[in-house]
Amino acid sequence: EAKDGAILERPLDIGFTTGESDIGFASVAGHISLETRSDAGEILSDAEADFIDEARVFLFEEDGDELALVGVADVEEDGAFALDEVLPGDYKVFAELLTASGLELKAIFDGDDDGLADVLELDDGDALEDIDIVVTAIIATETDTTTGVAIKTVPPGGNDSATMNLDLD
């Protein structure tokens, strides 16, 4: 925080050394995927399914009772993301997704399935991989009487019943 009370919109941590010892940066990597289900619970695939149009992953460091943003990574077309040159410390991973149908979804990394973002403890040189997040979107559908195919019928205003599941294999 500046003397006048201003706060940086996107703070940046910079590691440096005096030459006495090297900094052992860490990294965090994984995949984000989207599972689309009908409102009846059926998994939708191919043309019936929604897909990720764009996504970003956010790395936050706990700062007392608050979270401080320390890194952002765009998610690749295959769902992969990587956050490199992370200083050792305790972090949480969050994600935002925009689907092709216009759903805006948020997700957390929750390996212990307690509904809270898990803390990743990074030490010098750690390379955490397999931070995989599977987000489930519920899409309202109706069956086309001529073809028998489920057709997406997302209600106006978006899908308030979107949920998420995390697959942390």
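As the structure is a prediction and not an experimental result, all values here were calculated from the model. Positions are given from 1 along the sequence.
- Contact of the F51 side chain with the T99 side chain is not registered, since no non-hydrogen atoms from C-beta on lie closer than 4.5 Å.
- By the 4.5 Å heavy-atom criterion applied to side chains, K92 and E62 are counted as neighbours.
- Put simply, the side chain of D112 reaches to within 4.5 Å of the side chain of D118, judged on heavy atoms.
- Hydrophobic clustering of Ile, Leu, Val, Met, Phe, Trp and Tyr side chains at less than 4.5 Å, counting indirect connections, keeps V70 apart from V119.
- One N or O on the side chain of D114 and one on the backbone of L116 form a donor-acceptor pair closer than 3.5 Å.
- Taken to the nearest 0.5 Å, the CG atom of L103 stands 11.5 Å off from the CD1 atom of I52.
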Evaluation steps, side chain to side chain contact (heavy atoms under 4.5 Å, CB included), between L122 and Y91: CA-CA 8 Å; L122 299 176; Y91 298 93; 3.6 Å; yes
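- Applying the ring pair (Phe, Tyr, Trp, His ring centres under 6.0 Å) rule to F81 yields no partners; only residues at least two apart in sequence or on another chain are considered.
- Checked by atom type and distance alone, the side chain of T36 pairs as donor or acceptor with a backbone atom of D50 at under 3.5 Å.
- Looking only at side-chain heavy atoms (C-beta outward), L120 and V93 come within less than 4.5 Å of each other.
- The line from CG of D132 to OG of S33 is 7.5 Å long, rounded to the nearest 0.5 Å.
- A donor-acceptor pair under 3.5 Å is absent between the side-chain atoms of D90 and the main chain of E121, judged by distance alone.
- Taking both residues in full, the closest heavy atoms of L44 and A49 are given as O-CB, 3.4 Å, listed atom of the first, atom of the second, then distance.
- A salt bridge does not link E42 to R37: none of the charged side-chain nitrogens sits closer than 4.0 Å to a carboxylate oxygen.
- The two residues A100 and D53 come nearest to each other via the heavy atoms N-CB, 3.9 Å.
- Listed for the D126 side chain is no donor-acceptor partner under 3.5 Å among the backbone atoms of S27.
- Taking a cutoff of 4.0 Å between a charged side-chain nitrogen and a carboxylate oxygen, E54 and R56 do not qualify as a salt bridge.
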Check against side chain to side chain contact (heavy atoms under 4.5 Å, CB included), L97 and I32: CA-CA 9 Å; L97 294 80; I32 294 182; 3.8 Å; yes
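- The two residues D124 and P88 have their closest heavy-atom pair at OD1-CG, 2.8 Å.
- Interatomic distance, CZ of F25 versus CG of D84, reported as 10.5 Å (0.5 Å rounding).
- Between L105 and L34 the shortest side-chain heavy-atom distance falls below 4.5 Å.
- Between F94 and F60, the distance from one ring center to the other falls under 6.0 angstrom.
- Within the model, atoms NE2 of H31 and CG of D130 stand 9.0 Å from one another, a figure rounded to the nearest 0.5 Å.
- Across G115 and I108, no two heavy atoms sit closer than the pair O-CD1, 3.8 Å.
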